[in-house]
Amino acid sequence: MSEGQKMDAHVIAEQCELSGVDYSQLTSLEWIVLDLSDGKRSFGDILSLVPVNAAELTAAYTHLHQLRLLRWEGAKPESNTPRSRVLDLMPDDMEDIRAGRRLTLANDQSSAGKTQLNWMPNRMPDDSGVNRLSQPARLASSAEIRTVTPAPGACACTPRDINDTVCSQYLPRRLFADFRSFEPKLLDTSLDLAPEVQMFTEYIYERLSGMSAADLLGLEENEITRVQVKQAYIMRTRQFHPDRYFRKNIGVFAPRIAAIFKAVTGAFTSLQAKAR
Amino acid sequence: MADYALGIDLGTTNSCVSIVENGKPFIIANKTGYKTTPSVVAIAESGKRLIGQLAKRQSITNAANTVYSTKRLIGRSIDDPEVQECMNTFPFEIVEGPHHDIRVKMRDKLYSLPEISAMILSELRQVAEEYIGADIRQAIITVPAYFNDAQRQATIDAGKIAGLDVMRIINEPTAAAIAYGSQTNRSQTIAVFDLGGGTFDISILSIDDGLFNVLSTTGDTFLGGEDFDNRIIEYLVLNFAREHDVDLREDPMAMQRLKIAAEKAKCDLSELQSTEINLPFIQTSPDGVALHLNATITREEFENLVIDLIKRSLKICQIALMEANVTQDDIDEVVLVGGMTRMPLVQEAVSQFFRKQPAKNINPDEVVAMGAAIQADELLHQGQKHILLDVTPLDLGLAIHGGKFHVIINKNTTIPCSNTTVFTTSFDNQTSLRIVVLQGEHTLAADNQVLAEFTFSGIRPAPAGTVDVEITFDVDADGIVNVIARDLETKQEHVVSIERSSNLTEDEIKRMAQENAEYLVSEKEGEKMRNAIAQVRNRMEKVQKLISARDIPDALSGYVTAVLSRASKAVNEAKDIRNLEIAMRDLEKTIALIEETT
């Protein structure tokens, strides 16, 4: 697909089987596209979820297609682009890349509201009052979309990075490194639960007994005031109250979510008493 | 079909149904045009069910077959002292059911209380379905905050019998808070003062950014508008006895008339300073003279009759504040719920106690159903507008040695929650532990409600106090309690899920649900039949008129006579709707023919 040409909003892409691809050459945006392409969300859906314009998203789709990671009906047959090289070494500068070039999702607060990748918005939903993820394709006008300013330096991310960016809003800084090294075991795409939510839930659940009250609420040590504790509790309630998943198929995550909520409530009560 | 869910306020005296449409809750008016439906059920002589206003209107002439205030009885056992009191005062017959539960009698048929509630629920569901034009199965039903497990379960059973999928049972004051809180974005602490027909509830909640956190909830299941009515009735009966030496309490019909008059007088006194009660021919004296009841009650007299009831409610408010760990000054707003809060003295008492005027522009009769509808819609669509943090209404725990009640989960704990206590054996060589799960607020085990009983066995014989058994109580978001007993030595576990102690078996519920559905279908068909008959009759008349007005050719008259006789046969039989449809078609044809040829 040539530069400037845009894809049809109704195109629904699905992931191909992964095979020895060098993931390090994917941009964060491409990771997100890959993650969101569950065979149900159309191009338009995904466009409304990410802070880029249609041309940029088209480029991401095209690249993923060339890498044989994504396919959709009507896509041009795989061209003769050389198959990506097989990953042999993790780049040495991985940590720098992570620290530097990230999608602006997490760091840029102004775009956080738009991205909707914060799977449990800690603010009131938009005027429609309906969770966008379940909305039919809705193309945002390009004026609404923030473009991602390309960061300097090479672009390389791992699957972890998406979760980092998503969850950095929900974890205190001191836990980032631990979260990065965490390997989820349970990811199950058949559940009514987004993969990033599954991963975050599993992380908190596994670490539950070792977490302090502040850890559980995602608070930095210097943030423990009554107001902040309450805000954090409201956010966690929106994430982990079992009513969020009322009669949803969330399998083994149901008892985990309940257990986390109970722990969060305990943490809230104790911090609230301390902050008094 | 899955797009709508009902919010139903199943009240002691009045019920109300609401639905969220385009993001806003609406109250649906019933067939008689009122937004609330009296919780009254009757069976007419024809076997037809009468519900709501229709049942209430005929209650004087059909007192023995008219059932009301069943919410006061639901989920209780027959020897409950409250039930015994009702048996003495209610004009309909209350008998013992097969499970030590309560049945009421109408036209020689016994009905369980969930069946009675199901009749009201079916009616409300029908009204809503007609309004929306689609089947609606899912619903949230509200109950007083102070209802125990058995009472909640009986309400769920009622929903099942009415063919509803009860998504959840929520507390009335909480529902009211949701309806109130959804109109405002301010962070605040509110008190919901709910004085309904039969029960009194007070809840303290904090509302922050769409999070409804119940801080405490408490109440009295036997304090409500009917107690106020009863005070008026007692007053009238006493005065009547003084004057005529006749005890009206022995005459069910007179009591029914008094009940209605007292309720009306109570409502009038919220507006007026005094009201008259006139009940002519209420009794005949021993020497055969007709007696009339003529009395005047002033607002002041009425207030003196009920002041202790109001004081009792304020005492409960104080307890609720203490349990929520707040004072009157922390309360930003007081929301009044229930028709009884229209009484000026109640409003005055509330504003004195909380030191602020209660919130205006809230309809105390409709707010609960609206809140339930909002919550049902939220659960159905996950709109992320708000999340409700509810609490356990009563202490949960175990009966322990010495007949004491050991609390494991305190009342007003946010659910879901769990808590663990380690118990030990109390005799030497004790190998099993009898575990009695209780709910209530009394220190003596026997005074609380038993939720479940089971035996945990396989404990190693050892001296008393040396073997530890860990008992965990777990309450999920639906309020269902799981009890897990674990031997810390052998790691042996015993899990008991308390599927709420219902008074009816699954089979009974199924059968009752089927009976209810069959009745509704036959009722619907009966109505279709009645409509068809009316239409056929109307056309027959028209044909008759045409015959007498015009000259019918001989060739036609034979046909017309045949059509008419067939139609009248179909009407008289009133069996098969198809015969009526055929008759209808023939009559239309005949009318057309006559009009063409003459």
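Just so we're on the same page: letters track the sequence lines, and every chain starts at 1.
- Only the side chain of A/Thr265 comes within contact range of chain B, with at least one heavy atom under 4.5 Å from a heavy atom of that chain.
- Few gaps surround NZ on A/Lys248; more than 12 heavy atoms of other groups in view lie less than 6.0 Å from it.
- Here the shortest heavy-atom pairing between B/Leu388 and A/His241 reads O-NE2, 3.5 Å.
- Ranked by heavy-atom pairs under 4.5 Å with chain A, the first of B/Ile415, B/Asp476, B/Asn213, B/Asp165 is B/Asp165.
- Within the structure, the salt bridge (charged side-chain N to carboxylate O under 4.0 Å, His left out) test picks out the following pairs touching residues 167-183 of chain B (sequence neighbours left out): A/Asp243-B/Arg168, B/Lys71-B/Glu172, B/Arg168-B/Asp478.
- The CD atom of A/Gln239 sits 10.0 Å away from atom CD1 of B/Ile387, with the distance rounded to the nearest 0.5 Å.
- Considering every non-hydrogen atom in both A/Arg247 and B/Gln138, the closest pair reads NH1-NE2, 3.5 Å.
- For the pair B/Thr414 and A/Phe268, the minimum side-chain heavy-atom distance is 4.5 Å or more.
- In this structure, the portion of B/Asp474 lying under 4.5 Å from any heavy atom of chain A is its side chain and not its backbone.
- Note on A/Lys230 versus B/Asp209: no salt bridge recorded, every NZ/NE/NH1/NH2 to OD/OE distance being 4.0 Å or above.
- By the ring pair (Phe, Tyr, Trp, His ring centres under 6.0 Å) test, B/Phe147 pairs with no residue at all, sequence neighbours left out.
- Between atom CG of residue B/Asp208 and atom CD1 of residue A/Ile234 there is a gap of 4.5 Å, rounded to the nearest 0.5 Å.
- We find the CZ-CD distance between A/Phe246 and B/Gln375 to be 9.0 Å, quoted to the nearest 0.5 Å.
- Using a 4.5 Å cut-off between heavy atoms, B/Ser206 touches chain A through its side chain atoms alone.
- Of the listed residues B/Ala477, B/Gly23, B/Ser418, the one with more heavy-atom pairs under 4.5 angstrom with chain A than any other is B/Ser418.
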